[in-house]
A.B. asks: 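The structure follows.
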Amino acid sequence: MHDFDDGTKTGALDLKQTDSFNIRSMPTPLLILLSILGVGLAFMGAFAPQLSGIVLIIVLLAIVSYHFPYFGIALNLNGTYLLTHTFAIAELESGILLSLRFIMIVSLIKISKEGNLRFPTEQKTNIVYILLGFLWLLLGVIYSDASGYGTLKALRYLAMNATVFMLPLFIRWSQVTFVSLLKGLTIVGAVAGWISLVFILYNGLNLSERVFLMEEVNVIWISRAMGISIISIFGLLILKQKDHITLFLLLSLPGLISSMLLSGSRGPILALVLALGAIVIFMERRKKSTIIYLIVGLIIMMSMGLMILYLTSSSIRLLTDPTQLDKDISALHRVIAWLKSFELIGQNLIAGIGTGGFRSVGNQLFPWLPTNIYAYPHNIFIEIWMENGIIGLLLLFFPIIKIAFWESRLNKLPSFHNQSIAFGLLVFAVINAQVGGDLTMNEGIWFSAGILAALSFSVEEKEFYTTSTIQETQDGYGQ
């Protein structure tokens, strides 16, 4: 029987020789893109002295990502808050996405050198849908009253959502590489976790007001990063990782949980609970002892959180009744934006009002708020339906739904728990997308779906080659 777990034995991973490529045969466009990004960063440092520190940090992160490539991949999904904070200190508002993609390509070069890049021919349908979605967003610019903003939004979708969806498809995943990704996701979030513990040590824990651990970064995005890290730790426990790195990451768990509580962000907290529950439900090997262990862990986590809330004098934000909108301005604003969006949906169900079309509407609804806070209704499904119609919904979300449905079918296979963990990340991203950010700020949905699709192929590959080997053996005996 062929083994698939460690990526070193014979079996499905022997296909490397047929569809992988290394640094010597690296596609010229990838090398050109890396060169352009590198030159761009160099010019930033050369012509703006205040950028030299930023460039140094990016180069150091790139070096680390070359030696630990899945850290670089994790940084692109979960490390935006860190770079946002770093760039804000240097009083910079642009260059974050450029830096992240530079690091991503460095990671891909190392992964390619290891022979773990592949051509995802089996995913061509999903990739076509992703690209058609981009073209539909561009077409929506034509009839939008905010064509400039709409064009930027479409391009950001290509650079963020489409890129992070296709990224994992080109990587050959094994148990070892997936664990490396989970560790990277946890490490990136653990930074804020340890910062929150230091903050609590010096200032105490008071949840009556939101705490901005990094004043330049929206607390919601920090809370989302912490949620991804907690899910990743949960995944490492499911996969029974017992090394020193996992132990260190487990020690950061109290800080990660406290960071979410300090942020006062109810969306990520709710999404985390639902995501962990989804992992338990979709466990591929439903061993009673494992599920009981996970459920008890969930209960303990929730109980600790509720106890902290109870002992704190007034955790107003976290405990506010969402139906009392007069006491919760944030929720009230969202409800107003959603009601207006449904009104606009009725104007053009099929094609919508145009990409970016809600920007002017949102600014008119809330003129007292900073510009562009409500350039979108803070619910991406309502947003896409309103701006790009039913056609936009189908093109942008059909591959996501298709992949999630495929994952539920894989649940019947006696394979790894990896798919369940990826599904939990997807649930976390989808729930968060209902209450915060626009299409391009919720790229975690596309990354999680891409991971899930790639892992599904890995399982399908294993099952196919295991079955083929058994059949060949039986044929040989028959002769």
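Note that this is a predicted model, so its numbers are computed, not measured.
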A.B. asks: Under 30°, 30 to 60°, or over 60°: which ring-plane class applies to Tyr157 and Trp446, parallel, tilted or perpendicular?
C.D. replies: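 The rings of Tyr157 and Trp446 stand perpendicular, inter-plane angle above 60°.
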
A.B. asks: Apply side-chain contact (heavy atoms from CB on, under 4.5 Å) to Ile391 and list each qualifying residue two or more places apart in sequence or on a separate chain.
C.D. replies: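 Partners of Ile391 under the side-chain contact (heavy atoms from CB on, under 4.5 Å) test: Trp136, Ile350, Leu395.
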
A.B. asks: Please round to the nearest 0.5 Å and tell me the distance separating atom CG of Leu344 and atom CD of Glu387.
C.D. replies: 9.5 Å

A.B. asks: Mind checking whether Thr186 and Asn78 have side chains closer than 4.5 Å, heavy atoms only?
C.D. replies: no

A.B. asks: Ignoring hydrogens and angles, tell me if any N or O in the side chain of Arg224 forms a donor-acceptor pair with the backbone of Gly444 under 3.5 Å.
C.D. replies: no

A.B. asks: Quick check: do Phe71 and Leu61 have side-chain heavy atoms less than 4.5 Å from each other?
C.D. replies: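 The answer is yes, as the side chains (C-beta and beyond) meet within the 4.5 Å cut-off.
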
A.B. asks: So do the side chains of Phe165 and Ile403 get within less than 4.5 Å of each other, counting heavy atoms only?
C.D. replies: yes

A.B. asks: So, taking the atom named CG in Asn379 and the one named CE in Met386, what distance separates them when rounded to the nearest 0.5 Å?
C.D. replies: 9.5 Å

A.B. asks: By the definition ring pair (Phe, Tyr, Trp, His ring centres under 6.0 Å), identify the one residue from Trp338, Phe358, Phe366 that meets it with Tyr374.
C.D. replies: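 Only one option passes, and that is Phe366.
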
A.B. asks: Do the side chains of Ile171 and Tyr70 get nearer than 4.5 Å, heavy atoms only?
C.D. replies: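 Yes. Closest side-chain heavy atoms under 4.5 Å.
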
A.B. asks: Test side chain to side chain contact (heavy atoms under 4.5 Å, CB included) on Phe178 and Lys183 and set out the steps.
C.D. replies: CA-CA 9 Å; Phe178 185 67; Lys183 289 180 179 178; over 6 Å; no

A.B. asks: Compute the centroid of each ring, for Phe381 and then for Phe397, and state whether the two points are separated by less than 6.0 Å.
C.D. replies: yes

A.B. asks: Might you confirm whether atom CZ of Phe68 has over 12 heavy atoms from other residues, nucleotides or ligands at distances under 6.0 Å?
C.D. replies: no

A.B. asks: Show the nearest heavy-atom pair for residues Leu396 and Gly133, with the distance to one decimal.
C.D. replies: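 So the two residues come closest at CD2-CA, 3.7 Å.
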
A.B. asks: Quick check: closest heavy atoms across Pro377 and Ile382, and the distance to 0.1 Å?
C.D. replies: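 Minimum heavy-atom separation between Pro377 and Ile382: CG-CG2, 4.4 Å.
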
A.B. asks: Centre-to-centre under 6.0 Å for His85 and Phe87, is that the case here?
C.D. replies: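 No; Phe87 has its ring centre 6.0 Å or more from that of His85.
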
A.B. asks: With rounding to the nearest 0.5 angstrom, report the OH to OG1 distance, Tyr81 to Thr86.
C.D. replies: 10.0 Å

A.B. asks: Students often mix this up, so state it plainly: with edges at 30° and 60°, are the rings of Tyr129 and Phe398 parallel, tilted or perpendicular?
C.D. replies: tilted

A.B. asks: Keeping Thr177 on the side-chain end and Trp173 on the backbone end, is there a donor-acceptor pair under 3.5 Å?
C.D. replies: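 Not at all, since once roles are kept as given, no pair shorter than 3.5 Å links the two residues.
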
A.B. asks: Once you round to the nearest 0.5 Å, how far does CD1 of Ile73 lie from NZ of Lys110?
C.D. replies: 12.5 Å

A.B. asks: Run the side chain to side chain contact (heavy atoms under 4.5 Å, CB included) check on Leu256 and Ile233 step by step: do they pass?
C.D. replies: CA-CA 10 Å; Leu256 292 169; Ile233 290 179; 3.6 Å; yes

A.B. asks: So if I apply the side-chain hydrogen bond (donor to acceptor under 3.5 Å, both in side chains) rule between Asn126 and each of Gln123, Lys124, Glu122, which one comes out positive?
C.D. replies: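 Single pass found, and it is Gln123.
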
A.B. asks: Going by the side chain to side chain contact (heavy atoms under 4.5 Å, CB included) test, name the single residue among Leu97, Asn76, Thr80 that passes it with Met160.
C.D. replies: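 For Met160, the side chain to side chain contact (heavy atoms under 4.5 Å, CB included) test succeeds with only one of Leu97, Asn76, Thr80, which is Leu97.
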
A.B. asks: Are any non-hydrogen side-chain atoms of Leu365 and His333 less than 4.5 angstrom apart?
C.D. replies: no

A.B. asks: Test side chain to side chain donor-acceptor pair (under 3.5 Å) on Thr355 and Asn388; report intermediate values, then the result.
C.D. replies: CA-CA 6 Å; Thr355 306; Asn388 304 100; 2.9 Å; yes

A.B. asks: Are the side chain of Asn161 and the backbone of Leu439 linked by a donor-acceptor contact shorter than 3.5 Å?
C.D. replies: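 Side chain of Asn161 to backbone of Leu439, a donor-acceptor pair under 3.5 Å: yes, one is there.
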
A.B. asks: Quick one: are Leu236 and Val179 in side-chain contact, heavy atoms under 4.5 Å?
C.D. replies: yes

A.B. asks: Evaluate the criterion side chain to side chain contact (heavy atoms under 4.5 Å, CB included) for residue pair Val64 and Leu75; output intermediate values, then yes/no.
C.D. replies: CA-CA 11 Å; Val64 172; Leu75 198 64; over 6 Å; no

A.B. asks: For Arg334 and Val435, work out which heavy atoms get closest and say how close.
C.D. replies: NE-O, 2.5 Å

A.B. asks: Taking all atoms of both residues into account, what is the closest heavy-atom pair of Ala74 and Leu185, and its distance?
C.D. replies: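 In terms of heavy atoms, the two residues are closest at CB-N, 3.4 Å.
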
A.B. asks: So do Asn418 and Leu239 actually touch side chain to side chain, heavy atoms under 4.5 Å?
C.D. replies: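 In short, these two side chains touch, coming nearer than 4.5 Å.
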
A.B. asks: Check whether any side-chain heavy atom of Leu349 sits under 4.5 Å from a side-chain heavy atom of Trp385, and report yes or no.
C.D. replies: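 Answer yes - side chains close enough.
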
A.B. asks: Are the side chain of Asn432 and the backbone N or O of Leu270 linked by a donor-acceptor pair below 3.5 Å?
C.D. replies: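 Not at all, since once roles are kept as given, no pair shorter than 3.5 Å links the two residues.
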
A.B. asks: How close do Ser229 and Gly189 get, counting heavy atoms only, and between which atoms?
C.D. replies: OG-CA, 3.0 Å

A.B. asks: Distance-only, no hydrogens or angles: does the Gln419 side chain make a donor-acceptor pair with backbone N or O of Leu455 under 3.5 Å?
C.D. replies: yes

A.B. asks: Roughly how far, to the nearest 0.5 Å, is CE of Met226 from CG of Leu272?
C.D. replies: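 Output value for this atom pair is 11.5 Å.
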
A.B. asks: Evaluate Leu182 against Ile421 for side chain to side chain contact (heavy atoms under 4.5 Å, CB included), listing each step before the verdict.
C.D. replies: CA-CA 10 Å; Leu182 293 180; Ile421 299 166; 4.0 Å; yes

A.B. asks: Using a strict threshold of under 4.0 Å (side-chain N to carboxylate O), is an ion pair present between Lys153 and Glu383?
C.D. replies: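 Salt bridge flag = yes for Lys153 with Glu383.
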
A.B. asks: How many angstroms lie between atom CG of Asn116 and atom OG of Ser174, to the nearest 0.5 angstrom?
C.D. replies: 6.5 Å

A.B. asks: Keeping the roles fixed (side chain from Glu343, backbone from Leu339), state whether a donor-acceptor pair exists under 3.5 Å.
C.D. replies: no

A.B. asks: What heavy-atom pair brings Gly424 and Ile279 nearest, and what distance separates the two atoms?
C.D. replies: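 The pair with the smallest heavy-atom distance is CA-CG1, 3.6 Å.
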
A.B. asks: For Ser232 and Ile228, indicate whether the former's side chain and the latter's backbone hold a donor-acceptor pair under 3.5 Å.
C.D. replies: yes

